[in-house]
Each structure stands twice: as structure tokens, then as C-alpha cells.
**Q** 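Take a look at the following structure, please.
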Amino acid sequence: MWVMNDTKNKIIEIAKRRGFYWKAYEIYGGLGGFYDYGPLGAQLKENILKIWKEQFIIHDGLLTLDSPNLGPEVLYVASGHTDKFTDYMVKCEKCGHVFRADELLKGVVNEVEKLDENGIWKAIRDNGIRCPDCGGPLTPPERFHLMFSTKVGMDKVAFLRPETAQGIFVNFPILYRLNREKLPLGVAQVGKGFRNEISPRQGLLRLREFNMAEIELFVDPLENFPLGEMNEVILPLLTNTGEELHISAKESVAKGIVESHMAYYMGKVILFLKSLGIDMQRVRFRQHYPEELAHYSRDTWDCEILLSMGWVEVIGISNRGDYDLRRHMSYSGRDLTALRRFENPKKIKIKKLRPKMEILGPIFKRDAKKIAEIVENMSYTDGDIYVEINDQKVKVPRDAYEIVVEEETVGGERFIPHVIEPSFGIDRILYAILEHAYYERSDSGYKVLKLKPKIAPVKVAVFPLMSKEGLDEKAEDIMRVLRKRGISAYYDESGSIGRRYARADEVGVPFCVTVDYRTLEDSTVTIRDRDTAQQKRIKIENLPETVESLCREEIGFEEL
RNA sequence: GCGGGUGUAGUCUAGUGGUCAGGACGGGGGCUUCCCAAGCCUCUGACCCGGGUUCGAAUCCCGGUACCCGCACCA
């Protein structure tokens with residue numbers, strides 16, 4: 001374990017020294033759970049997100065949404081977060097241990113979740129509950145809010161979003177229309193989330209402000225999702241019954257282990273992580289135990305990556321059912337349903353009431369028209385009808401209407417879509433990439449980040465073998481040409497050539513170009529591959545193109 | 001939030017109640033016979049913050065803050 005922990009410390013050291021990330025606000029002593037991304041880290045994050053957007057948004061034609069970080073109180077009341085995100089904590093006065101009050105009262109009091117602060121305190125005293133560790137007396141409960149709150153304007157309570165998802169749910173009707181009223185409808189949002197963690201730890205792994213990329217896939221629960229290209233992707237599964245399986249996505253659905261939409265995304269996640277350079281031997285999907293599920297979730301599979309501190313959740317795929325839309329419907333009063341179209345529109349015969357005006361008229365005079373309207377819209381009935389009009393109940397006799405049978409065509413039925421939510425912790429993924437990319441060369445012990453060219457923050461370093469006799473100017477020219485092609489490049493003439501290679505390796509620069517004396521004779525340069533330290537010589541005029549295809553991973557270095 | 005530990009240049013670290021806080025690596029400049037962190041010269045730069053004890057505190061004490069480990073928490 002200490003060996004593994006060592007890796008973590010080395011990553012932290014490089015991250016700070018070379019500019020990937022570091023604790024925020026350090027000159028004021030720092031602030032727990034907040035980090036700055038430095039030049040390399042910010043670029044790395046951007047590259048990760050670019051690939052994410054390509055694979056999840058563009059490839060699948062999802063809609064993108066960019067909604068605010070702050071939301072009104074009612075939004076989070078409806079979502080269930082104000083309830084579920086507030087814990088009442090009690091502390092032992094003797095040994096100082098802190099407990100969740102609801103945990104202590106479970107089994108002692110019915111409907112613990114309905115108790116407020118006073119109710120909890122009363123229940124603790126009435127039942128003589130004491131510290132489970134040492135038997136000491138407990139303090140009154142204290143609220144601990146896991147959402148950051150603030151005021152909008154003078155006094156309107158608002159919360160910073162703990163997930164980007166709610167912004168998508170409340171926009172379902174618009175998005176549904178923009179998708180031409182078709183399901184499945186996938187909406188993606190990349191942005192920040194905020195959670196006031198009790199104790200943020202482990203650097204980038206537990207942040208109070210973090211980067212997330214979320215998809216809400218609205219589906220018809222009656223429809224099975226075709227897995228397409230994901231059919232044969234092998235999923236490493238750990239079920240909540242403790243079963244470990246390596247089976248294809250297709251099989252996982254066929255065996256009833258994974259719901260089809262979720263299986264599709266699990267396949268995509270595997271391909272995504274592979275393209276980021278994550279070691280597939282250290283990836284698994286772990287199914288949540290029923291008691292572990294979030295308040296909105298019916299089933300959750302966490303994608304976990306093995307890091308030096310153990311298995312770490314980086315992506316969660318949840319089946320949120322119709323929880324969110326149902327809640328927002330009831331709190332907002334808006335219709336958030338979708339239409340399930342029948343393959344063949346159904347003809348339905350319905351019995352309706354048709355008022356007979358010749359009878360209603362004489363009885364009700366002026367009110368006859370209004371009463372007729374009411375009767376017309378009533379569901380089928382027989383016998384005398386009582387109708388309320390002008391605050392009075394009046395009797396419509398049976399002979400004042402007749403029963404007719406009408407045929408209607410029904411095109412479909414309305415239902416609340418279910419939501420499948422793959423949610424990506426970008427900061428955790430970024431950290432996992434660094435750990436999996438890190439190694440020390442066996443011969444020299446030098447540190448290397450074997451970042452894939454696609455995500456490497458810097459693609460090329462250009463060196464003059466010596467900074468004289470025009471080699472330096474030539475090298476700087478080459479760097480400028482590369483930059484103009486949109487390739488992130490830097491120039492380095494400081495120190496020996498070996499040191500410059502080492503410096504580049506440590507931050508994962510995949511390719512180094514060196515201008516030497518032969519360059520002046522035949523306009524060729526050497527290009528060096530980080531992972532093998534091998535060099536090839538190519539013409540300067542071909543360099544930008546070559547580097548471009550290398551960085552797009554269209555060709556490998558060995559093919560040069 | 002609790003218990004334990006830690007906090008010295010960009011990084012890793014030495015150190016003691018009392019001269020100028022030492023080293024290594026890094027970084028800048030220069031020299032060099034220059035393709036994998038070579039060498040030499042030179043420069044750069046630190047005692048987490050606040051209070052207390054003391055003639056004197058980076059060192060001891062208290063508080064804060066941050067990190068690490070454990071507990072708890074982690075929708």
C-alpha cells in the first residue's frame with residue numbers, strides 16, 4: 001500500500017511543480033475542496049472534454065444544454081435535494097464522535113425521515129438514546145446542509161446546483177419539442193457542480209466545486225434500446241450479489257443483469273476510457289446495493305477505476321425512473337409527459353351525452369347553453385344529473401339528454417418518460433489518467449507520463465541541438481509553423497538535449513523535434529517518440545502534416 | 001466534525017530557544033568538445049497564519065488554517 005500511496009504523492013508533486021493542478025487560494029492558506037487547474041491541467045481537461053463531446057454528443061446526436069449554476073429553492077425542494085441533502089448530526093458529549101441522527105433512530109422510531117429538528121431531539125431524549133460507542137450523552141441535532149445556499153436579489157433563497165441534471169429536467173418540454181417530440185431524447189450538459197462535503201480529501205477526488213459531464217436520456221420504459229456498436233463490448237461487472245462477470249453488453253441485457261439503455265452507455269464508457277489511455281485491467285462496473293441507492297435511483301452502476309488509494313468511482317450510470325419528471329410535474333403543475341404513439345391509431349367507441357336543447361331551453365332559459373356545455377363534456381353516465389351553476393346545484397332530468405356512441409381515433413397515450421443518467425466526474429477522470437499514465441523508466445528512473453497524443457496538453461517540443469549557428473532560429477521557425485497549424489508546441493533550448501527530452505517526457509509531450517547540423521544541409525529534422533525514445537528523420541516540409549496525423553492517432557510512430 | 005500526525009524556497013528536505021536557516025533538485029544567465037536529466041561558474045528563492053511565553057521563537061504553548069492517516073460522511 002505504501003508503494004501505491006507513493007504514486008499519489010509523485011503525481012501531486014508533478015502536478016504542482018509542472019502546472020497541472022494545485023490547491024486554490026494557497027497564499028491565504030487555501031480553502032478545502034477547491035483546486036486550480038494550471039496551464040497543463042486546464043488544457044488536459046479541455047482535451048478530455050473535447051473527446052467526451054465527440055463521443056457522447058456528436059456521435060449520438062444528443063442535444064446540448066447550458067443552464068445556470070444557481071437555482072431557486074423550489075427547484076431543489078421538488079428534486080428532493082433539500083430533504084435528502086440535509087442531515088441532522090448529533091455529537092457525543094463524552095467521546096466527541098459524530099453520528100447521523102436518523103441512523104441512530106432507525107428501528108426506534110417509525111418514519112424517522114418525517115421528523116424535524118425538534119422531533120429528532122425529542123425522540124432521542126424520549127428513547128434515551130446515547131452514544132453507540134461509549135454510552136455518553138448526545139448533543140441536540142444540528143443541520144448539515146450539503147448544498148451551498150445563497151440569496152438572489154435581496155432575499156430569494158437559491159442553491160448552487162449539486163448536479164447539472166435538474167436544469168435538464170425542468171426543460172424537458174422544450175427539449176422534447178426541439179427533438180421533434182421523439183424518444184429516446186438525450187440531452188448533455190457539461191459544467192460545474194457544487195457540494196459542501198463534510199470533509200473533502202484526496203485532492204481532486206473529493207472537491208466542493210467540481211466539473212461534471214452529464215447526460216439525461218429520456219426513454220420510453222417499454223422500449224428496448226438497440227445496442228448497435230456496443231453489442232460486443234465486454235463489460236467487467238460486479239453485481240450487488242457479489243458476482244464478477246466479464247460479458248458482452250449484449251449478453252448482460254439478454255441475461256437480465258443490465259437494463260438496455262444502461263448497457264449501451266456502459267459500453268460507451270469502456271470505449272471512452274480506453275481512448276483516454278485508462279488501463280482496462282483496472283476498470284470495473286459495480287452495481288449499487290439497494291440500500292446504497294440515491295433517493296432518486298432505481299438502479300445504479302458505478303464505473304470504478306483502480307487507483308493508488310483503491311477503487312474510485314469516476315462515472316455513475318443511474319436509472320432514475322420517472323422520479324424527477326414526476327416530482328417536477330407535481331411541484332410546477334406543468335405537463336412533462338411524452339406521447340407514446342400507437343403503431344396503428346386506435347378507433348375507440350365512446351359513449352357521450354348529447355343535451356337536448358328543446359328540453360333544456362324551456363327549463364333553464366338563459367342558463368341552458370352553459371348547462372348544455374357542461375353536460376356535453378361529462379363522462380358517461382345515466383339517470384338524472386346534478387350540475388353546479390351560479391353557485392347552485394340544479395337537476396338535469398334524464399330526458400333532457402340522450403346517449404350517443406361516437407367513434408374517436410386515438411393516436412397514442414401520454415406517459416412520463418424514464419431517465420437514464422450517465423454522470424461523469426471529470427476531475428476524477430483526469431486524475432485517473434495521470435496515475436495510469438505515470439511510470440518511471442526502468443533504466444534511468446526518469447518520470448514519464450505516457451499520455452495519449454490526443455489528450456496530451458502539449459503535442460510537440462522543438463529543440464535546437466545547440467543554441468547557436470542558426471540551429472536556434474531554425475527551431476523557433478519550426479515551432480511557429482506548428483503553432484500556426486493549430487498544434488500546441490513549445491521551444492526549449494535550455495540545458496542539455498537529454499534534459500530537455502526528460503522535461504518533455506515528464507509532462508507527457510508525445511513528440512520531440514530536434515534541429516541538428518544535418519538540418520542545415522538537407523532540411524530534415526529528427527522526431528522522437530516519447531514512449532520508445534526512438535527517433536526518425538523526416539523532411540521539415542512534411543513535419544506539420546506528420547505531427548497532425550500522429551496526434552489524431554491516425555498513424556503510429558512506428559509507421560513513419 | 002472527532003482522534004492522531006504533519007506544515008522550512010517552485011519541488012524534496014536538514015536543522016537548533018541565540019551570528020548570515022543548510023543541502024539537493026528545479027528555474028534564470030554564462031562557459032562547454034552537446035541526441036537522452038553530463039560538467040563548471042553565477043544568480044534566484046523558504047521557516048503556513050495569528051496570538052502568547054521569553055531579553056530573544058522557525059523551534060515551546062494556544063488558536064486558526066491546510067494537508068495526510070483512521071472514524072464518520074460521500075445523493
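Chain naming here is simple, since letters A, B, ... match the order of the sequence lines and numbering starts at 1 in each. Quick caveat, the model's predicted, so the values are computed rather than measured.
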**Q** Look at A/Ser496 and B/rA38 and indicate whether a side-chain polar atom (N or O) is within less than 4.0 Å of OP1 or OP2.
**A**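 Answer is yes, contact under 4.0 Å.
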
**Q** Write down the partner of B/rC67 under the Watson-Crick or G-U wobble criteria, each distance required to be under 3.5 Å.
**A**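 Across any shown strand, B/rC67 pairs with B/rG5.
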
**Q** Between C1' on B/rG10 and CD on A/Glu26, what's the gap in Å once rounded to a whole number?
**A**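 Taking atom C1' of B/rG10 as the reference, CD of A/Glu26 is at 11 Å.
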
**Q** Answer yes or no: is there a donor N or O on one side and an acceptor on the other, between the side chain of A/Asp36 and the main chain of A/Tyr21, under 3.5 Å?
**A**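 Side chain of A/Asp36 to backbone of A/Tyr21: no pair is present.
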
**Q** Work out how far the P atom of B/rA72 is from that of B/rG10, and round it to whole angstrom.
**A**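 Comparing P positions in B/rA72 and B/rG10 gives a spacing of 38 Å.
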
**Q** Which whole number of Å gives the distance between the P atom of B/rG18 and that of B/rU59?
**A**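 It works out to 11 Å between them.
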
**Q** Where the side chain of A/Ala533 is defined as all heavy atoms beyond and including C-beta, which of B/rC36, B/rC67, B/rG26 is the nearest nucleotide?
**A**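 Shortest atom-to-atom distance from the side chain points to B/rC36.
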
**Q** Take the protein atom CE of A/Met309 and the nucleotide atom C1' of B/rC74, then report the distance between them rounded to whole Å.
**A**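 Between C1' of B/rC74 and CE of A/Met309: 15 Å.
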
**Q** Rounded to the nearest Å, what distance is computed from the CZ atom of residue A/Arg18 to the P atom of nucleotide B/rG26?
**A**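 Whole-Å distance recorded here is 12 Å.
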
**Q** State whether the distance check finds a donor on one side and an acceptor on the other, under 3.5 Å, for side chain A/Glu197 versus base B/rC74.
**A**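 There is none.
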
**Q** If B/rC47 has a Watson-Crick or G-U wobble mate with both distances under 3.5 Å, name it; if not, just say none.
**A**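 Pairing partner: none.
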
**Q** A/Ser494 side chain N/O closer than 4.0 Å to the phosphate oxygens (OP1, OP2) of B/rG27?
**A**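 So the side-chain polar atoms of A/Ser494 never come under 4.0 Å of the phosphate oxygens OP1 or OP2 of B/rG27.
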
**Q** Parallel, tilted or perpendicular for A/Phe218 and A/Phe172, by the 30°/60° rule?
**A**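 It falls in the tilted class, 30° to 60°.
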
**Q** Of A/Glu214, A/Glu259, A/Glu421, which is the lone residue that meets salt bridge (Lys or Arg N to Asp or Glu O under 4.0 Å) with A/Arg320?
**A**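 Running salt bridge (Lys or Arg N to Asp or Glu O under 4.0 Å) over A/Glu214, A/Glu259, A/Glu421 with A/Arg320 returns exactly one hit, A/Glu421.
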
**Q** If you go through the side-chain atoms of A/Arg441, does one of them form a donor-acceptor pair with the base of B/rC36 closer than 3.5 Å?
**A**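 Per atom types, no contact qualifies.
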
**Q** Return yes if the base of B/rC36 and the side-chain atoms of A/Arg528 contain a donor-acceptor N/O pair under 3.5 Å, otherwise no.
**A**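 When only heavy-atom distances are counted, A/Arg528 does reach the base of B/rC36 through a donor-acceptor pair under 3.5 Å.
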
**Q** Hey, which sits more toward the 5' end of RNA chain B by its nearest nucleotide, A/Phe34 or A/Glu292?
**A**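 Checking each residue's closest nucleotide, the 5'-ward one belongs to A/Phe34.
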
**Q** Please measure how far the C1' atom in B/rG7 lies from the corresponding atom in B/rC48, and state the result in whole Å.
**A**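 To the nearest whole Å, 6 Å.
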
**Q** Counting the atoms with a prime plus P, OP1 and OP2 as sugar-phosphate, which does A/Gly495 contact under 4.0 Å by heavy atoms, base, sugar-phosphate, or nothing?
**A**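 No contact.
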
**Q** Closer than 4.0 angstrom, basic N to acidic O: yes or no for A/Asp322 and A/Arg298?
**A**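 Looking at A/Arg298 together with A/Asp322, the answer is yes, because their closest N to O distance falls below 4.0 Å.
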
**Q** Looking only at atom P, what distance separates B/rC12 and B/rG50, rounded to whole Å?
**A**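 So the two P atoms sit 22 Å from each other.
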
**Q** Using atom P in both nucleotides, what's the gap between B/rC41 and B/rC36 to the nearest angstrom?
**A**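 24 Å, rounded to whole Å.
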
**Q** If you assign each of A/Asp505 and A/Gln202 to its closest nucleotide in RNA chain B, which residue comes earlier from the 5' end?
**A**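 Its nearest nucleotide lies further toward 5', so the answer is A/Asp505.
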
**Q** Looking only at atom C1', what distance separates B/rG51 and B/rC69, rounded to whole Å?
**A**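 Approximately 29 Å lies between the C1' atom of B/rG51 and that of B/rC69.
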
**Q** Taking atom types as they are modelled, would you say the side chain of A/Tyr501 forms a donor-acceptor pair with the base of B/rC35 within the 3.5 Å cutoff?
**A**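 Answer is yes: a donor-acceptor pair is held.
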
**Q** Do the side-chain N or O atoms of A/Lys16 get closer than 4.0 angstrom to the phosphate oxygens (OP1, OP2) of B/rU11?
**A**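 It does, given that an N or O in the side chain of A/Lys16 lies less than 4.0 Å from OP1 or OP2 of B/rU11.
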
**Q** Short question: side chain of A/Ser297, backbone of A/Ala294 - any donor-acceptor pair under 3.5 Å?
**A**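 No, A/Ser297 side chain to A/Ala294 backbone: no donor-acceptor pair under 3.5 Å.
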
**Q** For A/Arg206, which contact category applies under a 4.0 Å heavy-atom criterion: base, sugar-phosphate, or nothing?
**A**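 Result for A/Arg206 = base.
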
**Q** Of all the choices, B/rA66, B/rC12, B/rA37, which nucleotide is nearest to the side chain of A/Lys23 once you look at every atom?
**A**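 Closest of the options to the side chain of A/Lys23: B/rA66.
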
**Q** Starting from P on B/rU11, measure out to OH on A/Tyr21 and report it in whole angstrom.
**A**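 Rounding to the nearest Å, OH of A/Tyr21 and P of B/rU11 are 14 Å apart.
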
**Q** Using atom types as modelled and distance alone, determine if a side-chain donor or acceptor of A/Gln189 lies under 3.5 Å from a backbone N or O of A/Thr164.
**A**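 Pair found, side chain donor or acceptor close to backbone of A/Thr164.
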
**Q** If I take atom CG in residue A/Leu471 and atom C1' in nucleotide B/rC35, what distance separates them, rounded to the nearest angstrom?
**A**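 Whole-Å distance recorded here is 12 Å.
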
**Q** Hunt down the Watson-Crick or G-U wobble partner of B/rC35, both distances under 3.5 Å, from any strand shown, or write none.
**A**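 Its partner is none (no Watson-Crick or G-U wobble pair with both distances under 3.5 Å).
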
**Q** Just how far, in rounded Å, is P of B/rA24 from CD of A/Glu13?
**A**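 Interatomic distance, CD of A/Glu13 to P of B/rA24: 18 Å.
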
**Q** Considering only atom P, compute the distance from B/rG22 to B/rA9 and round it to an integer number of Å.
**A**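 After rounding to an integer number of Å, I get 14 Å for this pair.
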
**Q** Return no unless some side-chain N or O of A/Arg499 is found under 4.0 Å from OP1 or OP2 of B/rA38.
**A**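 For A/Arg499, the contact criterion (side-chain N or O under 4.0 Å from OP1 or OP2 of B/rA38) is met.
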
**Q** Of the options B/rC36, B/rC69, B/rG28, whose atoms approach the side-chain atoms of A/Lys8 most closely?
**A**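 Among B/rC36, B/rC69, B/rG28, the one nearest the side chain of A/Lys8 is B/rC69.
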
**Q** Rounded to whole angstrom, note down the P distance from B/rC25 over to B/rU42.
**A**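 Each nucleotide's P atom is 14 Å from the other's.
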
**Q** Regarding A/Ala502, tell me which of base, sugar-phosphate or nothing describes its non-hydrogen contacts under 4.0 Å with the strands shown.
**A**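 It contacts base atoms.
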
**Q** Tell me whether A/Lys450 contacts the main-chain N or O of A/His436 through its side chain, where contact means a donor paired with an acceptor under 3.5 Å.
**A**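 Side chain of A/Lys450 to backbone of A/His436: a pair is present.
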
**Q** Within a reach of under 6.0 Å around CD of A/Gln202, are more than 12 heavy atoms found that belong to other residues, nucleotides or ligands?
**A**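 Above 12, so yes.
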
**Q** Could you state the NE2-P distance from A/His295 to B/rC74, rounded to the nearest angstrom?
**A**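 So the two atoms are 13 Å apart, to the nearest Å.
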
**Q** A/Gln535 near the nucleic acid: base, sugar-phosphate alone, or nothing, with a heavy-atom cut-off under 4.0 Å?
**A**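 The answer is base, as A/Gln535 lies within the cut-off (heavy atoms under 4.0 Å) of a base atom.
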
**Q** B/rC35, B/rC73, B/rA66: which one has an atom nearest the side-chain heavy atoms of A/Ile497?
**A**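 Of the options given, the side chain of A/Ile497 lies nearest B/rC35.
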
**Q** When you check the phosphate oxygens OP1 and OP2 of B/rG27, does a side-chain N or O of A/Arg503 lie under 4.0 Å from one of them?
**A**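 True: A/Arg503 side-chain N/O within range (under 4.0 Å) of B/rG27 OP1/OP2.
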
**Q** Pairing check on B/rA21: which nucleotide meets the Watson-Crick or G-U wobble criteria with it, both distances under 3.5 Å?
**A**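 Base partner found: none.
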
**Q** Whom does B/rA58 pair with, Watson-Crick or G-U wobble, provided both distances fall under 3.5 Å?
**A**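 B/rA58 is unpaired by these criteria.
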
**Q** Starting at CD of A/Glu493 and ending at C1' of B/rC34, how long is that distance when rounded to a whole Å?
**A**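 After rounding, the gap between these two atoms is 14 Å.
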
**Q** Under 4.0 angstrom, heavy atoms only, what part of the nucleic acid is A/Asp516 near: base, sugar-phosphate, or nothing?
**A**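 Base contact - A/Asp516 has a heavy atom under 4.0 Å of at least one base atom.
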
**Q** Do the side-chain N and O atoms of A/Tyr517 and A/Glu521 include a donor-acceptor pair separated by under 3.5 angstrom?
**A**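 Checked: A/Tyr517/A/Glu521 side chains show no N/O donor-acceptor pair below 3.5 Å.
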
